[in-house]
Amino acid sequence: MVLEANECDFVFEPQITEEHVETQYGNMHCIMTGTRKANRPVILTFHDIGLNHKSCFETLFNHMDMQEITRQLPVCHVEAPGQHVGAKTLPNAYTYPSMDQLSEALPAVLSHFGIHSVIGLGVGAGAYILARFALNHPDLVDGLVLININPNSEGLMHTVANKITEWTHTLPDQVIAHLFGKHEIQTNHDLIATYRHHISVTMNQSNVSQFFRSYNNRNTLEVERPVPGGNINVRTLKCATLLVVGDNSPAVEVVVDCNAKLNPTNTTLLKMADCGGLPQVDQPAKVIEALKYFIQGMGYMSSASMTRLRSRTTSSSSFLSFDGSRSRSHTNELQHGQTHSDEKRGRTRHNTDVSMESISNSNVDQIISKSTEVAC
């Protein structure tokens with residue numbers, strides 16, 4: 001990947017390091033891109049079931065708009081054991097790690113690369129793993145961008161349904177149903193065919209099956225929304241968090257449910273209109289623009305060019321069917337790009353639910369206002 005420097009005529013190639021990092025739960029294939037900078041976090045990615053860092057994030061990170069972010073923040077892609085391209089079948093004696101164990105393997109990865117803090121970017125199973133990691137190691141996580149996160153364990157009925165599905169459907173069919181909604185499967189034949197071929201040909205079927213089984217056996221993320229005047233020590237994500245889901249994703253309801261369980265002062269829900277199960281693949285430019293605002297709000301991209309999002313007043317019924325009558329307060333963190341250290345000193349930031357639908361030019365001060373949806 002070639003990145004162009006701002007206002008310069010030369011181009012440069014970022015440093016890329018690809019290694020298998022040994023952890024107590026198996027080797028994690030990792031790709032470190034860019035040069036770590038003092039007092040700046042690293043973007044840490046984790047993929048979903050049936051995917052790896054290329055099939056999950058390549059469209060996003062190869063997009064020209066992403067260069068503005070990757071010039072300033074290095075990236076570390078992490079792949080679960082046996083999920084990388086060309087992976088050999090895992091030994092019979094190897095017990096595939098649980099979701100909780102995969103999250104506990106991440107400190108070894110950070111230590112290996114000398115990373116002291118991260119902004120997590122995860123999809124599906126990867127989002128769950130990063131959320132669990134942030135709950136257990138809050139000092140290592142500055143922020144989280146969680147796409148299609150399901151914080152709940154599989155109930156008995158789901159477990160039985162999964163067993164029946166295993167008997168009656170091929171593994172690629174099961175993974176496709178996990179990644180994409182019915183409407184997308186029925187209408188976007190080219191995309192589905194591409195991912196079905198990837199899952200069937202590129203990925204090691206045995207290893208994918210073990211990763212999938214581990215995800216289906218996950219525990220519920222024990223998080224609780226803080227209540228004013230209530231217990232101040234409730235277990236919740238302490239970092240700035242952006243939840244992302246496409247409106248045609250099979251994960252819509254569970255993502256909204258997750259939003260209802262998190263702290264509204266540091267959580268934003270972004271529901272993308274006309275978008276399928278993989279927003280970072282379906283609409284990468286819009287996801288990148290949201291990432292820019294999110295990172296700028298943490299104080300790491302104060303000079304970012306914010307040109308594509310616009311604000312529009314939310315109707316009185318917006319998100320009521322999802323979030324009830326919970327009020328959404330004014331937030332100006334993204335407007336002024338205040339530093340993350342300010343937040344750690346106690347500055348609060350109020351929740352905003354946003355929906356991405358169309359594009360028009362606007363400046364940052366117009367983006368987040370009282371009771372707004374951000375549309376792009």
Side-chain angles (χ1 to χ4, degrees), residues 41-46 48 69 73 99 103 106 117-152 220-227 234-246 249 251-252 254-272 279-280 287-301 319 322-323 326 328-329 331-334 337-344 346-356 368 373-374:
V42 170
I43 297 175
L44 182 73
T45 78
F46 211 118
D48 202 355
I69 295 176
L73 299 176
M99 293 290 104
S103 72
L106 293 178
S117 65
V118 302
I119 296 175
L121 171 58
V123 181
Y128 177 96
I129 291 167
L130 290 177
R132 174 70 70 180
F133 173 62
L135 285 171
N136 293 337
H137 304 277
D139 293 341
L140 296 177
V141 183
D142 282 5
L144 286 173
V145 180
L146 306 175
I147 301 174
N148 297 338
I149 185 171
N150 185 345
N152 307 316
T220 297
L221 286 178
E222 298 295 341
V223 292
E224 181 181 349
R225 170 166 287 195
V227 177
V234 297
R235 185 170 169 82
T236 189
L237 293 174
K238 294 179 170 55
C239 61
T241 304
L242 174 63
L243 306 181
V244 182
V245 67
S249 169
V252 169
V254 292
V255 172
V256 173
D257 176 62
C258 183
N259 179 62
K261 295 178 179 179
L262 297 180
N263 190 340
T265 65
N266 61 10
T267 305
T268 299
L269 170 63
L270 176 62
K271 183 181 176 185
M272 298 179 62
Q280 78 281 9
V287 173
I288 292 168
E289 198 69 17
L291 281 172
K292 288 180 182 179
Y293 283 115
F294 181 73
I295 296 171
Q296 187 196 37
M298 299 172 66
Y300 297 119
M301 289 188 66
F319 285 88
F322 301 116
D323 254 339
R326 178 175 57 82
R328 288 174 282 278
S329 303
T331 174
N332 63 2
E333 179 184 0
L334 299 187
Q338 294 186 8
T339 64
H340 186 60
S341 60
D342 290 336
E343 181 179 347
K344 290 193 174 183
R347 177 178 54 80
T348 60
R349 166 177 164 289
H350 297 288
N351 184 65
T352 301
D353 291 339
V354 294
S355 177
M356 307 188 77
I368 304 298
E373 291 178 12
V374 173

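The residues of the chain are indexed from 1 along the displayed sequence. Just so we're clear, the structure is a prediction, and the values are computed from it rather than from any experiment.
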*asked:* Quick one, Leu140 with Val118, criterion side chain to side chain contact (heavy atoms under 4.5 Å, CB included). Give me CA distance, side-chain angles, the key distance, then yes/no.
replied: CA-CA 6 Å; Leu140 296 177; Val118 302; 5.6 Å; no
*Side-chain contact, heavy-atom cut-off 4.5 Å: Val223 with Leu262?*
yes
Residues 255-269 vs salt bridge (charged side-chain N to carboxylate O under 4.0 Å, His left out), sequence neighbours excluded, gives Asp257-Lys261
On a heavy-atom basis, the closest approach of Cys239 and Asn266 is O-ND2, 3.3 Å
So CG of Leu144 and NZ of Lys238: to nearest 0.5 Å the spacing works out to 12.5 Å
When rounded to the nearest 0.5 Å, the distance separating CG of Leu221 from OH of Tyr128 is 4.5 Å
So CD1 of Ile43 and CD1 of Ile295: to nearest 0.5 Å the spacing works out to 4.5 Å
Sorted by chain and number, sequence neighbours left out, ring pair (Phe, Tyr, Trp, His ring centres under 6.0 Å) with Phe133 holds for His137
Smallest heavy-atom separation, Val234 atom then Glu224 atom, equals CG2-O, 3.8 Å
Decide yes or no for Leu44 and Leu130: does some side-chain heavy atom of the first lie under 4.5 Å from some side-chain heavy atom of the second?
yes
Heavy-atom closest pair (Ser249 atom, Asn148 atom, distance to 0.1 Å) is OG-OD1, 3.4 Å
Practice problem: For residues Leu269 and Val256, determine if any side-chain heavy atom of one lies less than 4.5 Å from a side-chain heavy atom of the other. | Solution: yes
**Test side chain to side chain contact (heavy atoms under 4.5 Å, CB included) applied to Ile119 and Phe294, step by step** = CA-CA 10 Å; Ile119 296 175; Phe294 181 73; 4.3 Å; yes
Nearest heavy-atom contact between Asn152 and Val254 is ND2-CG1, 4.2 Å
Nearest heavy-atom contact between Gly246 and Pro279 is N-CG, 3.8 Å
Scanning both residues in full, the closest heavy-atom pair of Ala131 with Ile149 reads CB-CD1, 3.8 Å
